[in-house]
Each structure stands twice: as C-alpha cells, then as structure tokens.
Amino acid sequence: QDVCATGKTITAGSLTVATGNPAYFPWVIDNDPSSGKGFEAAVAYEIATRMGFAAEKVIWTATSFDQAIQPGAKEFDLNLQQYSISAERDQTVDFSAPYYTAAPAVVVRQPVVDAGATATASSLKGLKWGAAAGTTALALIDALIGPESEVMLYDDTADVTEAMKANQIDATLVDLPTALYLAAAVLDDGVVLGQFPSDATGGLDQFGAVFADGNPLRDCVNEAISAMVSDGTLAKIETEWLEGATGVPMIQ
Amino acid sequence: MQTSAAKNSAGAAIGAAPPGKSRRQERERRLRRRSVIVATISTFVVLLLLVVLIPMAPGWEKVQKAFFNGPILIKVFPELLQAFLVDLMIFAWSAPIIALWGLAIALCRDARGPALFPLRLFAILYNDVFRGVPVILVVYLVGFGIPGLGLPRPWNSPYLWGTVALVLSYSAYVAEVYRAGIESIHESQRSAAKSLGLSHAHTMRYVILPQAIRRVIPANMNNFISLQKDVALLSFIGPVEILRQAGVQKSLLANFTPYLAASIIFLAVTIPATRFADHLIARQNKERS
Amino acid sequence: MQTSAAKNSAGAAIGAAPPGKSRRQERERRLRRRSVIVATISTFVVLLLLVVLIPMAPGWEKVQKAFFNGPILIKVFPELLQAFLVDLMIFAWSAPIIALWGLAIALCRDARGPALFPLRLFAILYNDVFRGVPVILVVYLVGFGIPGLGLPRPWNSPYLWGTVALVLSYSAYVAEVYRAGIESIHESQRSAAKSLGLSHAHTMRYVILPQAIRRVIPANMNNFISLQKDVALLSFIGPVEILRQAGVQKSLLANFTPYLAASIIFLAVTIPATRFADHLIARQNKERS
Amino acid sequence: MKLQLHGIEKSFGALKVCRDISLGVNKGEMVCLIGASGSGKSTLLRCINLLEPIDDGKILLDGVEISDPDLDPQPIRQRIGLVFQSYNLFPHMTVLDNVMLAPRLIHKTSQAELRDQAEALFVRFGLTDRIGHFPDQLSGGQQQRVAIIRALAMKPEIMLFDEVTSALDPELVGEVLDVVRQLKSEGMTMVLATHEMGFAREAADKVCFLEKGMILEEGPPEKIFAAPREARTQEFLRRVL
Amino acid sequence: MKLQLHGIEKSFGALKVCRDISLGVNKGEMVCLIGASGSGKSTLLRCINLLEPIDDGKILLDGVEISDPDLDPQPIRQRIGLVFQSYNLFPHMTVLDNVMLAPRLIHKTSQAELRDQAEALFVRFGLTDRIGHFPDQLSGGQQQRVAIIRALAMKPEIMLFDEVTSALDPELVGEVLDVVRQLKSEGMTMVLATHEMGFAREAADKVCFLEKGMILEEGPPEKIFAAPREARTQEFLRRVL
Ligand SMILES: Nc1ncnc2c1ncn2[C@@H]1O[C@H](COP(=O)(O)OP(=O)(O)OP(=O)(O)O)[C@@H](O)[C@H]1O
Ligand SMILES: Nc1ncnc2c1ncn2[C@@H]1O[C@H](COP(=O)(O)OP(=O)(O)OP(=O)(O)O)[C@@H](O)[C@H]1O
Ligand SMILES: [Mg+2]
Ligand SMILES: [Mg+2]
C-alpha cells in the first residue's frame, strides 16, 4: 500500500467508495460498481490501484445525491456520482481534481421534437423544464436558457425522467453521457436535442469526486488522477465506457 | 343539570359583590403575586442559563452558522413565503373536495339494504387501503403513475394528480371521522326520530348528520392541519413549493437555515390552527362530561 | 345502569330458548337468506362489470404493465420485504422511546406550582413546535443538519438522528393524547381522591394515570400506526428502507409496480392494526354512552 | 278495544325480556306498567311502537295487526306517540322545529297551517314563551313537556310514556304529570311505564305489575295497591312506597 | 361542639352560592340539609371538606380553625369523610383496593393490619362477598356502601353525605340509608344533604332548609316538617312530600 493513503481511510486498509443509489449507466453498468464496469467504476478502481488498494479492498456503498453533499462526517472516503465542481459546494465538501468534463445536454422526447422544438435558444425558452434539485442543473438552465415557465424540481434523475414520461415536463438538462443514456435506454422515445459548449457553463461541467471537508485523502486521489491524465489512462477509460458525442448539435 | 335561566336569575337576585376584600381574596392576591414572581424568576433563570450555557458548548458557533444564520434567514424568507403560496393554493382547493368526498364515503359505509352491499364494501376497502398506505407512496403512485399512462397536457399536471393523491388519502381519514361522528350520536336520537315516523334518509339528513358534522369539526380540523403539512409532499413530484424551495436554497447555500425558515412559516399557520382545534376539543369534552 | 350480576341472574332464571321457530325467527331467516343472495348478486355484477369494462378502456394494457406487473411484483417482493425489516427495526426502537418521552412531556405540561412554570412553558412550546412542523422537515433538519455539524462516526448515523427526528415529532402528538386522557378523567375522581386526603402526586400516580393511559390506548395506537408509515420518511436521509428500495427498483425497471408492492406490504401491517384500533375505539364509545 | 297485545315474546340474545305478554287497552283508558328496573317495561313500550321487532305474538291497533313484519312500520309509528325518559329532543333545533320536523316532512299540509297547529299545542301546555329556544335552554320539566308536544303534533291515536318523570328533579315532576292528567281528561288512550306510585294509584284505570318480563298481576289500582295478590308484588310495593 | 361554621361565604364568579352560613354540629349529632336543586347543599359540604376554598368566614373542627388558607388541607381532609352522590369509586381497582388505597399511602401501619381493618368494615356492612370485585360489577347500592366504607377506612371524625341515594333505583335506597342509620347508632357525627324527606324526618337531629345559599330555616325535624315558618319552606315541602 502507498504511504499516502495510509491511515486516511475510514476503514483501515480499505477504500470505501460511494456511488449513486441506483447508479446509472454509463457511469456504472447494471448498478453493480464492484464489477468495475462503467466509467466511474473503472475510474474508481484505477484510482484505488494507484493508491495501493487491491480490487478486493475496495468497498462500495450507495448514497443519495443530497446525502453526499451534506456537511459533516461521511460514511465514505470518496464519492463518485457526477458531482459538478462548484465554489459553493466547495465550502461544505471537498472536491478532487476533475476526472471528466461534460457538456450539458438537453434531453427531450420525440413528441416534443415533432411539436417543433429545435436546438435554438428561443425554441428552448418555450419548453417546460424540469431538473433534479440539488444539482447544478437549475443554475445552468437559468443561466443558459432562461425558460419562460416555472422549472419543476425533483429528488433525482429517476424522478425527472418519470415526469418526462408523464409528459409533465418537456426537457431536462444533464451531462452529455447521461443524456445519451437517458435518450437511449430510459426513455422509449428520447432525443438528445443538443449540447452546450463546455466553455459556456462557467466551469459547472467538471466532475470531481466528493470528500468530507478537509479530508487529507484528497491529495492522494488528486495525485492519482493527475497521473492518470498524464499517462492517458483516463482518456482510455473514457473512450472505453463513454460514447463519442458526435452528431449532437451545438446550441448557440 | 341546571338550566341557564335558573343560573341567571340566581345571579341577579344576589347582586354585586360585597364592598372591601374578604380574607380569602386578600390571601389569593398575595398568593397570585408571589407565584407570578416565582414563575418570572424561575423562567428568567432557566432562560439565562440557556442563553449563557449553550453558546459555551463546543461547536455552538458552527451550529449557529448552520441553523440560525440571520443573514441567510432574511435572504431566503421572501422566496420561501412566495413558495408557501403554492402550498396554500393546493390546500385551498383540496380541502373542500376532501370534506365532500369524505362525507360521501362515510355515507356509502352507512348504506343500508343488501343491494347496496357493493357500495359498503367499496367504502370499507377504500378506507382500509388509503389509511394504510403512506401518503408519500400514494403521491408517487398517483402523481407519476397516472399521468405516465399518456394523458395529454394539461390533464397530466402534477398539481392535478398531486391533489388527487391528497384527496384519496385524506378523504379516507375524514370519512372515518364522519363515521365516528355519526356513530357517536346516541341511539336514542335515532329512536326518537323513528318513533315520530321519519324514514331512514330523513333521520340521517335532519337529525343525525347536522349533529354529527358539528360534533366532529375539531377532529376534522386536526385532519386538515395535517393536510396543510402534507401538501409539502407534492414537492416530490415537481411543484416547487416551500419544502422544495428550502431544499434548493439549502443545497445552494450549504446551510440549514432555509429549513428553519420553512418551519417558522409552517408554525405561523399551524400553531394558531392547532390551538384553535385544541380549544374546540376541550370545550367539547367539557360539554360532554 | 344494570349490573351484570343482575343481568346474569335474570338470564339464568329464564333458561333455554323455546323449541321450534317463532314467526319472527322464520321471517328473519327468510330475509337474511334473501339479503345474502341480493348482496352476492349485486357484488358479483359490479365486480364483473369492473373486470370486463376496465380492460376495454384504452391504455389499460399500458396501465397494467406499468402498475400491475406480475413478474416484476414477484421479482421485487423479497427485496422489499427485506427492506421493510429496516422500517420495522426503526419502529421497534422508536415506539417505546416515544411512549415514555411523550408521557414525560404530558406530565411537564401538567406540573403545578409557580416554580415549575418553565417546565410547563417548555412542554407547551415543545408541543406547539413539533406538532406544527411537518415530520419530513424535522427529518431533514435533524437528520441532515445535526450530523452535518461534524459529529464523528458513529454519532452521525442517519438511523440515530432519523430516530431522534421521529421521536421529537411523534412524542408531541403522543403527549397531547396523554393529556387529553388525563383531562378526560372526570373531575369527580380527583375530588374523591382529594377528599380521602391524597396528595396531588399520589392522586396522579394511583388514580388518574392508570385510568388515563388505559383510556387513550386506542388513540395512541392510531399515532403509532402513523409512525409506522412515517418511518418511510427516513429514506430521504439515507437508510435504504422499503420506500427507497422501491424507488431504486422503480428507477431501474422504469415501472411503478415496486411502489405497488411496497403498498401491499404496508397494508399487510396497517390494515390489521387500524382495524384493531377502530375496534377498541368503537368499544370505548359504546362503553361511554 | 284500541290496543291489544297477544302473547308478546321478545329476547335480546339469550335474555328473554318479554314473556307471553297479553294486554288490552280500551279507548280513552290509561294503563300503568310498574315493576322493578329491568323488568321489561321500556322494552314492551318499544315493541308496541315497532322500534323493536317482536319475536312472537301479535299487536293489534283498532283490531288490525300492526306487528306483521311485512308491513312498513313508518306510517304505523306515526299513529303511536312515544315519549322517553330522557326526552330525546333534537338539540340542534329550536323547540318549535323539534315539534314541526316530523309533520313538515310527512304531512303535506302548508307550512303556515302546521305552524299554527304547533303553536296551538304550545299554548295548550303553557310553553308559548319558549317556542324559539333551544332544548338546553329549558328546564328538564319543560323539555319533557316539549317532547310530549312533539309526539302529539303527529296527532297520534295512542300515547306511550316511558318513565317520563324519572330524570326530573322532584320539584319538576308535578308539571309533567299535570300534562298527562290533562291528556287523560281529553280522552287520550295511554300506556305509561312509571315509578310514580302515587300518580299510578290516583290516575290509572289499570295497573300491571311486571316481573322478569311477565305480567305477574294486573287490575284496578285500588286492588293492586291495597291488596296485592302475589308475594313479589307485595315486596316491591313495600320497598318503593 | 364538633363542627362550627361561622359566616361562610362562597361565590363562583358572580354567582354567590353560600351566603353567611353559620351552623353548629354537636358530637354524635346528625344534621340534614334540605333545599331545592342549586340551593348550595353540595357546595357547602365541599367547603367543609376543603375541596372548595371559602371566600370568607371560618370553619372550626373541635374548636380549631381548619379553614385557614395557610394550613395544609391534606391531613385535615383525612379527618373528614365525604361521600358523593355518584359514588366516585376508582373503576380500575377492586373494591378492596379502593378502600385500602388511602390508608396504605397515608397510614404507616403494616399491610396485613390495614387489610384486616378493611375486611372488618366489609363484614360490618355486609359486603364480604364483594371484596375482590370491580366497582362496575356491583349494584348502585353496593357501590355506594363501598364508597362509605372507603371514607370510613380513614377513621374520620365526621362524615359528610351528599345526596348519597339520589342516583339509586328506588329499591336500592333503603340499603344505603340503613348504613347511615347504623353509623348514627354508633355515634358518628354526620352532615347529610338529602332529598329523602322521610329519612330526614325520622332520623335527623336537626334539619336546615337552604334557599339560594342561605339557611332560611333550621330546627328539629318535627318542627320544620310539621310547622315550617317561612313561606318558601312551606312551598318546597308541599312540592316534594
Ligand atoms: N337493546 C338491548 N340489548 C340487550 N339487552 C337489552 C336491550 N334493551 C334492554 N335490554 C335488557 O332488557 C332488560 C329489560 O330492560 P328494560 O329497559 O325494558 O327494563 P325496564 O323495566 O324499562 O327498566 P328501567 O326501570 O330501568 O327502565 C334489561 O335486563 C336490559 O338490560
Ligand atoms: N364549580 C362550579 N363552578 C361554577 N358554578 C358552580 C360550581 N359548582 C356549583 N355551581 C353552582 O352553584 C350553585 C349551587 O350548586 P350546588 O351543587 O351546591 O347545589 P345543590 O343544592 O347541591 O343542588 P343539587 O340538589 O342539584 O345537588 C348552582 O347554581 C351551581 O350551578
Ligand atoms: Mg325503562
Ligand atoms: Mg348537590
């Protein structure tokens, strides 16, 4: 075991990694992170290996989205759940260096497209929007789109898609890989209408692992991530698990 | 029982209280003064201890910053108040529907004659099911499930189906309260109406229901106070009412003061309402004994 | 009032019923048979209509697939049952704490003497606050907020603080029920105890409380049935109990049947409990009148 | 004969409350039922009013059987007035509405006419000034008089009284008994269950002593009170007089 | 003199219920309070037992003032027995526990001795076979006798009875009055509020007629019942006798 992580984990000798409950494709395949399949699962094992934890020393746990960003002591060492890094959150919890940069993308259902929705700012304004509360999506929707009607808020992405299926909302804003997954697998007739350029988001599109505030383990993880970036491992994992974003139009 | 007429005349015959204070009155004034002093002092001491001791506890500053953050309170209050209007609106249209539908269920439950047995059965099942399932589960099932079947807008609104969920759950409770009211009317009232030759329907309409409904007003008030609080559960299916708004603010500010602010807003409505209901119940209990 | 002793002796003196059926009995048998037939037929017809007509509605298949999906039901049931054990566990340790703490609050509320005024004030404020704020808000505030202050493990467990939240909310309701029970004991019982020279504490302990607690058992049962359902609210702060488990399954399967399964599990517990409470209440009302 | 009972039987579960009760009441006659608590007086009156179905036997009113279980009891009950020990006024209505409720719902006469008839009854029994009050604003004796007026408003052919003075303070008993006396002088047929032995002795045409659901002894009051035949009757009278 | 009342005043809000009541009761004497409902009989008894604080006046027991508001009323109440119209037994305890509760909590005597004393009382008043029953398994008369035993178990020096027979069926009145007679013959000092004029006339040493909170007339029963002085007394007696 690497000296860096020694004595800094909540269970000595093991690394406790949290993910969503449930954890979604393509971040984790089949809600089973211990298989190492899925982008975040693979990243987690790679980080663990680099910090000197054997695969069987990685303990998985599930937390809700809100739960992980509460202040206070944590039940996990690090939490990978597509958390966007933001200055406000950084006051309560600590973030690792970003392990992925995602463009925000708009997901709708086919009937909305049939009704004339297009990937233009003016068309998007008129749609009925929904998002998961407690994510950065609401801020992004307000900043990037400025919808005309009230934004509906839900506990998590599952409830957002449920509301889309119920036709209660037209569109939601999520990171591109999630968008592709929702459109392909969760919604019968989902369409990724468009994506925003990463530079338009004010830096709200970078995912980092979450730590309890002041957790010294962060530096070890950051070390591992920067090593993964520099030797191209991260890019390799990305191409293995995340689809290319080709064909999704840019929204101006 | 003493009639009020007799009481009044007795009071009038006696006239005003005697001039000067009796020994008892003197002593009572003394006692009262003393107890006011003791109560004030002891309350003051306890409060002082709280105010002095609590901030000395380790971590108090952290607690204060996270829960009792003045600037945040002031900042979020107007928005939360705005969101609370959504709660009030939903309550305003749900409550009368629940009152009527609950009464209908209660009457079904009381339906006589074998041909109406399915009605009775329905009412029994209805009450069992909707009193047995947590409101939040009904909200999810009805609020997401039914619109998910492909209803066109605006018929799939979460406001609509959230309301339906509340109505389904709460009318079961209200129906039980009505039924308890109907059963609490003494059999002798039915006997008296029957002995005059009134039909079952007339007895219900003119003799039993007017008394029963009046009698269960306090119990029903408690149901409606609960309803006012459970309106917040609709936030789980989309409407940005006060609970959701507080949650959003909490996430944004990473601070629990918005929840505290929401609690304060709820208390401003529920405390007077609960107090009033308690008062009605106490009066009723007194009358009964 | 007729004493049971007298009733028994009258009954015994009269002996067995006469042999053969009286005219009335004959007719009643006829009537009963007819109403059973009518009830059976009408129920049957209604059920038949439901079974035949509902599936003919457009979208029925969709509804069936989304809500009443047999294979999914069978698949998720064991996991949900497993998760329900968490609910039962939380309930099992919360309920006795609530019962005791609620009684303590009720007694504070009843404390006499000016020096105890702060205690009385505390009980009043406590009840007002925790009856006024939605349980879910208390769960969020206490369950997320307090651990968020930086308590070390295991003192930040959501089970611990979720339980505290439930205890805070429900003990206020339970305390009010106890208080109503104490007040429902007729003043004459206090008079009788006082006239024998008993002190206030003795009167409470030996005369009032034993009667009051027994009398409010049904009302308290209703509180505990609500508690059993509100345990599900702890899912919002982490514990994977039945509601969260159903939500997870719903997300994974994109189907509402897990919620239905959860409802069925709740009903299996709450219907018998509610029925029993209703039965106790009905018996009590009968005794009272 | 106005009212005839033939072999009335009535049980509550295993408890037999009326046992082979036969009794005739002539027009304008007043019959008093006396007996210990639980002897079945109230139950018998409720059976006559069809509030309780009888198990066996027959009840005839003007020679027509009214106890036939296939008959609709409503119109029959309208012909028989019943006044209860506990008044049983409807507390949510004024005294006048109490009296007018049943006539208004059942008789198709005009509102004004019904009101006149009701007011006439209030005048007759000296309660004119209480007409707009609610029952709990009246004394017990006044409430009981209103209950009698309410029964009379349906123009019954026979009146049944079930211990109408038992719930009253001793001082108020007289005013209610005066009403009963007045009805008797007007020729009303009446059956009374009562504990007021003095009144029974003075006013009744016939007294029946009930014991465990049976009429143990009946006859004119002079005979029953002066020379009771049965040992049980003697014992009862010794205790209560 | 055992008990002395001097100018007792008592109001409930604006309603004055006792007005300048003075009364003396000698040892072994039995005083009956009569008067219409609401005349203040119960309130006066409750005042003597210190259940209601008096507004003015003095109550002396064996010449010592017990109405001093600074005294602890508990030990004084133990010396005065009070029996209520509605028995007020504790329904959740057996009859024996009802009787033994107060002695057990207050007297420091041994458990066995207290039980013997209680059982002796049950024997004395013929209730031995009911000792393990609950109050609602007893008839009204039996319950009232238990209530009297419960008061006697505290070995009071004076007994107050508040219409102890009013809630009883006429047939059960006798057995309770017999108990009171027995107590009198044993020399107990007693004050009774009662509607049983026959009993008052026969057994009382002194009768007080209360009217609107005042003692309007008092004297030996022969005088009060045979030749009442006041018009109001005459009227009351005419009505209830
Ligand atoms: N609805 C009922 N169900 C069961 N038992 C009943 C019912 N009504 C009356 N009884 C019983 O029938 C018996 C006769 O009661 P009833 O009221 O007729 O007596 P009563 O002579 O009127 O007595 P009282 O003088 O107390 O009014 C009693 O033992 C009573 O308990
Ligand atoms: N606690 C109380 N608060 C207010 N008024 C009261 C209270 N107790 C009694 N009263 C009133 O005081 C008056 C006298 O009541 P009290 O019970 O002493 O009369 P009483 O002579 O015992 O009558 P009864 O024969 O009906 O028992 C009544 O008008 C009654 O309403
Ligand atoms: Mg009766
Ligand atoms: Mg009294």
Side-chain angles (χ1 to χ4, degrees), chain B residues 1-13 103 106 112-115 177-178 180-220 280 283-289, chain D residues 42 45-46 48-52 72-93 97-107 129-130 133-143 147 150-156 159-160 162 167-169 171-172:
Chain B
M1 208 191 70
Q2 187 76 11
T3 70
S4 61
K7 252 186 223 156
N8 290 344
S9 70
L103 185 59
R112 309 232 163 159
V177 167
Y178 280 132
I182 290 171
E183 280 173 7
S184 80
I185 303 301
H186 199 270
E187 190 52 38
S188 64
Q189 289 281 318
R190 259 180 225 264
S191 282
K194 267 167 112 183
S195 81
L196 289 169
L198 295 192
S199 65
H200 175 67
H202 275 158
T203 304
M204 203 49 156
R205 164 104 172 65
Y206 293 100
V207 177
I208 307 297
L209 275 190
Q211 295 185 61
I213 291 177
R214 204 168 310 176
R215 192 171 293 182
V216 297
I217 285 174
N220 259 340
L280 290 181
R283 207 178 60 188
Q284 207 169 55
N285 283 343
K286 218 186 239 162
E287 274 167 14
R288 210 187 259 183
S289 62
Chain D
S42 301
L45 293 180
R46 292 174 62 88
I48 299 173
N49 194 244
L50 307 185
L51 284 176
E52 299 285 356
D72 178 8
Q74 254 171 257
I76 299 167
R77 288 198 195 114
Q78 291 161 22
R79 297 167 58 198
I80 306 173
L82 173 56
V83 184
F84 303 85
Q85 170 172 351
S86 48
Y87 337 138
N88 299 358
L89 294 181
F90 306 135
H92 59 297
M93 297 178 180
D97 288 335
N98 260 279
V99 170
M100 284 177 62
L101 178 68
R104 186 145 56 193
L105 291 175
I106 291 161
H107 299 326
D129 53 331
R130 294 292 175 197
H133 287 59
F134 283 88
D136 63 3
Q137 297 173 310
L138 268 60
S139 74
Q142 291 171 332
Q143 288 191 54
R150 184 174 67 176
L152 289 174
M154 291 302 291
K155 306 205 183 83
M159 287 284 284
L160 313 176
D162 186 8
L168 300 180
D169 283 323
E171 285 193 279
L172 303 175

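Lettering follows sequence order; numbering is per chain, from 1. The basis for the numbers below is simple: all heavy atoms, side chains too, and nothing from hydrogens, waters or symmetry mates.
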[X], part contacting chain B, at a heavy-atom distance under 4.5 Å:
X	result
Ile80(D)	backbone
Arg150(D)	both
Phe90(D)	both
Ile106(D)	side chain
Leu89(D)	backbone

For [X] versus [Y], what's the shortest heavy-atom pair and its separation?
X	Y	answer
Ala212(B)	Ile185(B)	N-CD1, 3.8 Å
Gly140(D)	Leu172(D)	N-CD1, 4.2 Å
Arg205(B)	Leu209(B)	O-CB, 4.4 Å
Pro210(B)	His92(D)	CB-CD2, 3.4 Å

(Q) A side-chain contact here means heavy atoms from C-beta on lying under 4.5 Å apart; do Val83(D) and Asp162(D) qualify? (A)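 A side-chain contact under 4.5 Å is absent here.
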Q. Does NZ or CZ of Arg104(D) come closer than 6.0 Å to the centre of the six-membered ring of Tyr206(B), within 45° of the ring's axis?
A. no
Q | Side chain / backbone / both / neither for Arg190(B) at chain D, heavy atoms under 4.5 Å | A | neither
Q.
Among Ala102(D), Ser86(D), Gly81(D), Ala151(D), which residue has the highest count of heavy-atom pairs closer than 4.5 Å to chain B?
A.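 Result: the option with the highest number of such pairs is Ala102(D).
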